Amino acid sequence: MKTVAEKELEKEMEKTEKTENEPLTEETNRQEEETAQETASSENQEETESQEEPAGENTRAVKKEKKKKEKTDKKQDALKTKVDELEDRVKRQMAEFDNFRKRTEKEKSAMFETGAKSVIEKILPVVDNFERGLAAVPESEKGDAFVQGMEKIYKQILTELESIDVKPIEAVGKEFNPEFHNAVMQVESEEYEAGIIAQELQRGYTYRDGVVRHSMVAVVKD
């Protein structure tokens, strides 16, 4: 059996061990709490970073998409400007071609008019000779076949001239008009008033809207 002294010694040793173990337990608990806090903080930080990272990626994606759209818009604007320039150039060329065509047609028409008038001017003296020849035929010979043939030819020439819009200018009994008539003399007349054409010396003709040859006339003087 243990003595009283031994029992007291054992109690003292247990107290000492208990006293020594208490700070160790507290230190262990404190370290465990700090470790748990650090772990929680690290987890929270990772969670925050994981949440911020997608947001950053979304922002970069939006900016990239915006830049891409701006680049596409610039290309479209450049293409539209180019198309507008080409359309304007085509319209100008078409207008120039249309003006050239109209000018060419006008020049061709003017050349044709000039050529036609030149030919008509050369035919008119032939018509004058027919008229003089037929006017000189005596009444007794107007029934002759030759004379009748000449009259037919003369009428045919006048018909052909009229078909191409060549018409004689009216003179006798009309008021003198310098645009159509050429007064070569003045005469007295009981039949017509002053300024009226009393005699036609050479017949004038018009071609379409222009005068090919003025009528040579005698006008009643004042």
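This one's a predicted model, so the numbers in the text were calculated from it and none came from an experiment.
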Tell me the closest heavy-atom pair linking [X] and [Y], and the distance in Å.
X	Y	result
L201	M185	CD1-SD, 4.0 Å
D165	K167	OD1-CE, 3.5 Å
H214	N182	CB-CB, 4.1 Å
E175	I197	O-CD1, 4.5 Å
L124	R213	CB-NH1, 3.8 Å
A116	Y207	CB-OH, 3.6 Å

* List in chain and number order the residues that pass side-chain contact (heavy atoms from CB on, under 4.5 Å) with V220, two or more places apart in sequence or in another chain; answer none if no residue qualifies. => S189, Y192, A198
Looking at [X] and [Y], does any basic side-chain N land under 4.0 Å from a carboxylate oxygen?
X	Y	result
R101	D98	yes
E105	K102	no
E188	K221	yes

* Is atom CD of E85 surrounded by more than 12 heavy atoms (other residues, nucleotides or ligands) closer than 6.0 Å? ->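 Yes, enclosed.
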* Heavy atoms of other groups near D209 CG, more than 12 under 6.0 Å -> no
Close side-chain approach of [X] and [Y], heavy atoms under 4.5 Å:
X	Y	result
V83	E87	yes
E200	S215	yes
V212	T206	no
Y205	I169	no

Sub-3.5 Å donor-acceptor pair from the side chain of [X] to the main-chain atoms of [Y], do we have one?
X	Y	result
N129	P125	yes
S118	G115	no
H181	E170	yes

Do [X] and [Y] belong to the same hydrophobic cluster, where Ile, Leu, Val, Met, Phe, Trp and Tyr are linked whenever their side-chain heavy atoms lie under 4.5 Å apart, directly or via other members?
X	Y	value
V172	F180	no
V166	V211	no
V219	M216	no
F112	I120	yes

* Asked: For R92, which residues count as a side chain to side chain donor-acceptor pair (under 3.5 Å) partner, sequence neighbours excluded?
  ->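 Only D88 meet the side chain to side chain donor-acceptor pair (under 3.5 Å) criterion with R92.
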* **Pair D144-V137, side-chain contact (heavy atoms from CB on, under 4.5 Å): steps then yes or no** => CA-CA 10 Å; D144 188 75; V137 175; over 6 Å; no
* Can you tell me how far the CG atom of D73 sits from the NZ atom of K80, to the nearest 0.5 Å? ->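 If I round to the nearest 0.5 Å, the distance is 13.0 Å.
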* To do: Hey, could you give me the CG/CD distance between D128 and Q202, rounded to the nearest 0.5 Å?
  =>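 CD of Q202 is found 5.0 Å from CG of D128.
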* To do: List the steps and the verdict of side-chain contact (heavy atoms from CB on, under 4.5 Å) for E160 and I164.
  => CA-CA 7 Å; E160 294 299 328; I164 60 173; over 6 Å; no
Check: residues 145-156 side-chain donor-acceptor pairs under 3.5 Å, at least two apart:
unit_1	atom_1	unit_2	atom_2	d
Q148	NE2	G143	O	3.3
Y154	OH	E131	OE2	2.7

* To do: Kindly indicate, with the supporting measurements, whether the criterion side-chain contact (heavy atoms from CB on, under 4.5 Å) is fulfilled by I196 and F176.
  => CA-CA 6 Å; I196 303 299; F176 174 76; over 6 Å; no
